[in-house]
Amino acid sequence: MKNAVDNGVNLRKVGRDRIGITVDERTRPATLEAVWRAFGGYNLVYRDEFPKYRLPAALIRQSAYLTHPVFHMNRAESEMTRYMRRLADRDLALDRAMIPLGSCTMKLNATAEMLPITWPEFAEIHPFAPADQALGYAEIIEDLSNKLCKITGYDAFSLQPNSGAQGEYAGLLTIRAYHRGRGEEHRSICLVPASAHGTNPASASMCGMNVVVVATDAKGNIDLADFRAKAEASAATLAAAMITYPSTHGVFEETVREICAITHANGGQVYLDGANLNALIGLARPGDIGADVGHVNLHKTFCIPHGGGGPGMGPIGVKAHLAPFLPGHPETGGNAAAVSAAPYGSPSILPISWSYCLMMGGEGLAQATRVAILNANYIAKRLAGAYDVLYSGAKGRVAHECIIDTRPLLEEAGVTVDDIAKRLIDCGFHPPTMSWPVAGTLMVEPTESETKGELDRFCDAMLAIREEARAIAQGRMDKENNPLKNAPHTVEDLVGEWNRPYSREAACFPAGAFRVDKYWPPVNRVDNVYGDRNLVCACAPLETYIKAAE
């Protein structure tokens, strides 16, 4: 292995008597020759005398592949560039408008934060590269961990989990290991509020815990009496309670400290879901509230792009008594079980969050929290009277997001939450989170990235939609043939034959829509229910696969 390093390549130690090597499509003969030299093959020279195929004849594919026209239609760079541009124009992304998805924190990912991940010094280091060749990563990991400890009030962090859900899993495994270490492996009950993210009970079940659901009251808060009763009833076997703060309903629950105290009094540990940490940074710390462990969504709160199937990061923080039970990894000499293949999950994206913290500073991070809360409350206030905000705190305030109740529009005008969501596309907005956590509602999270002008544009659109619903209820618009039921409207609708009882102007340029650079949806309304019940395959006909299988 030392010879290999001297020849410019890394080999990996596997166990006590084996060596591993990783190659990919970029591996060249010079690299192979360097590996041979590491084993003493100084006179070996690569000659391209291998047969055309290095597979058994029975495994060589004879059938055609990549036959879809899309693989052959763009042969020039100009064609490919324009093809990509056309795809981008069909998308309604953050570079066009606010994406107010509640509970998802779709906020600006600054270019300056993302540039470092394109550098080969970060992007091309193997997860198991020798530590002395990854000192820059070590500095980022240590410094970011320290920053997260200060922000959250936890004493130690593991950057291994690749997502918030995996963070939940890792955190609950840490709690189980803690109980096991105290000779209390029998503790297996996990209290989960009915309002929790669906991943909470799923993670608890995956960790071998028995989930006991705790009721919520009429205001969406955890029912304290029910929580206390169930914690006391399971005191001998209580392992953990999972809570989200601020809650999934977008409210700062005032009993959170009492909930933590009840859990501890009955022998359990508190897992605080960090999905809404962007409403706490600089103002409050989970570790001070009473939480023992919780995850942080770097791919939400700390600006790593969220969604689209890309890599995420859900590090977990713990108080000191749980630190010895954090996930370990054989590559770093850890004894505890690993939850990811690599010691630090997806470290190549950590420079984004690290840069974000450095550029914002402590004051900037706290100010971002204040603006996120301010923006949500501004929307709730502007829409008051037209829509009800389903949940709020004792003083009528929400946290960083709010649930807009659109169900009255269904009762008075037959307007569904789907109609509102699709009409917002005409206005140039990606719709908010629909029917979660409450069916028939919209959950709105504006984030701190949005200016007052963009917030007003969204509110204008929502208020105009309310007026359209009122016109339907009063008989001034047809109940079935109206802008809400026909939304979204395409360019083809605009220029085609028009036989609708409302104007093209009302259809395509509602309140909030830009007249210049308007977003035009590429397709008209899709029948969601039909699509859910009648799957249509966009790939090759099924007969093709049957023939291939035969």
Side-chain angles (χ1 to χ4, degrees), residues 152-156 158 161 164-217 220-248 253-276 285-295 316-327 336-337 339:
T152 61
Y154 294 126
D155 299 308
S158 167
Q166 195 177 33
E168 292 174 16
Y169 176 70
L172 292 175
L173 284 181
T174 301
I175 290 175
R176 295 228 69 176
Y178 167 75
H179 288 311
R180 190 179 301 115
R182 290 162 51 89
E184 296 185 325
E185 190 171 359
H186 61 279
R187 290 191 173 275
S188 61
I189 297 295
C190 184
L191 302 180
V192 180
S195 60
H197 287 95
T199 52
N200 285 183
S203 296
S205 296
M206 287 180 65
C207 292
M209 293 184 178
N210 300 310
V211 176
V212 174
V213 178
V214 178
T216 55
D217 62 23
N221 301 316
I222 296 173
D223 186 320
L224 191 61
D226 189 53
F227 185 90
R228 178 181 282 105
K230 288 175 177 175
E232 292 176 351
S234 57
T237 55
L238 181 62
M242 298 188 78
I243 60 174
T244 301
Y245 184 78
S247 75
T248 306
E253 295 195 28
E254 297 182 0
T255 60
V256 62
R257 289 182 182 272
E258 195 169 352
I259 288 169
C260 293
I262 293 170
T263 304
H264 292 149
N266 289 281
Q269 297 287 288
V270 176
Y271 184 99
L272 194 148
D273 187 317
N276 298 332
R285 306 194 307 174
D288 297 338
I289 292 170
D292 300 290
V293 56
H295 74 268
I316 56 170
V318 298
K319 299 298 282 186
H321 65 283
L322 293 179
F325 306 98
L326 283 171
V339 296

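These numbers were taken from a predicted model, which means no experiment stands behind them.
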Is there a side-chain contact between Q269 and V293, using heavy atoms and a 4.5 Å cut-off?
-> no
Given side chains that start at C-beta, do those of P327 and L173 come closer than 4.5 Å, heavy atoms only?
-> no
Any salt bridge (charged side-chain N to carboxylate O under 4.0 Å, His left out) pairs touching residues 232-245, not counting sequence neighbours?
-> none
To the nearest 0.5 angstrom, please state how far the CG atom of N200 sits from the OG1 atom of T244.
-> 5.0 Å
Go through I243 and C260 one step at a time and tell me if the side-chain contact (heavy atoms from CB on, under 4.5 Å) criterion holds.
-> CA-CA 9 Å; I243 60 174; C260 293; 4.3 Å; yes
Tell me, which pairs form a side-chain hydrogen bond (donor to acceptor under 3.5 Å, both in side chains) where one or both residues lie in residues 253-268, sequence neighbours left out?
-> R228-E258, H264-D292
Test side-chain contact (heavy atoms from CB on, under 4.5 Å) applied to K230 and I189, step by step = CA-CA 10 Å; K230 288 175 177 175; I189 297 295; over 6 Å; no
Donor-acceptor pair, side chain of Y245 and main chain of P286, under 3.5 angstrom | no
Grab the two heavy atoms, one from I175 and one from A240, that are nearest each other, plus how far apart they are.
-> CD1-CB, 4.0 Å
Between P324 and A320, what is the shortest heavy-atom contact and its length?
-> CD-O, 3.6 Å
Search all heavy atoms of A231 against all heavy atoms of I262 and return the closest pair with its distance.
-> CB-CG2, 3.7 Å
So, for A336 and L326, which heavy atoms are closest and what is the spacing to 0.1 Å?
-> CB-O, 3.1 Å
Please check if the side chain of H197 supplies one atom and the backbone of A165 the other of a donor-acceptor pair under 3.5 Å.
-> no
Could you walk me through whether H186 and E184 pass the side-chain contact (heavy atoms from CB on, under 4.5 Å) test, one step at a time?
-> CA-CA 5 Å; H186 61 279; E184 296 185 325; 3.8 Å; yes
Distance col, row N221:CG vs S195:OG, nearest 0.5 angstrom, shows 8.5 Å
Rounded distance [0.5 Å steps], OG in S203 versus OH in Y271 | 7.0 Å
Ignoring hydrogens and geometry, is there a side-chain-to-backbone donor-acceptor pair from R176 to E185 under 3.5 Å?
-> yes
Start with the C-alpha gap between M242 and M209, add the side-chain angles, then the distance that decides, and say whether side-chain contact (heavy atoms from CB on, under 4.5 Å) holds.
-> CA-CA 12 Å; M242 298 188 78; M209 293 184 178; over 6 Å; no
Which heavy atom in A204 sits nearest to a heavy atom in V211, and how many Å separate them?
-> CB-CG2, 3.7 Å
Between the CG atom in L191 and the OG atom in S234, the distance rounded to the nearest 0.5 Å is 5.0 Å
Heavy-atom closest pair, residues I222 and P193 = CD1-CG, 3.5 Å
Out of L272, V318, I316, which one pairs with Y154 under the side-chain contact (heavy atoms from CB on, under 4.5 Å) rule?
-> L272
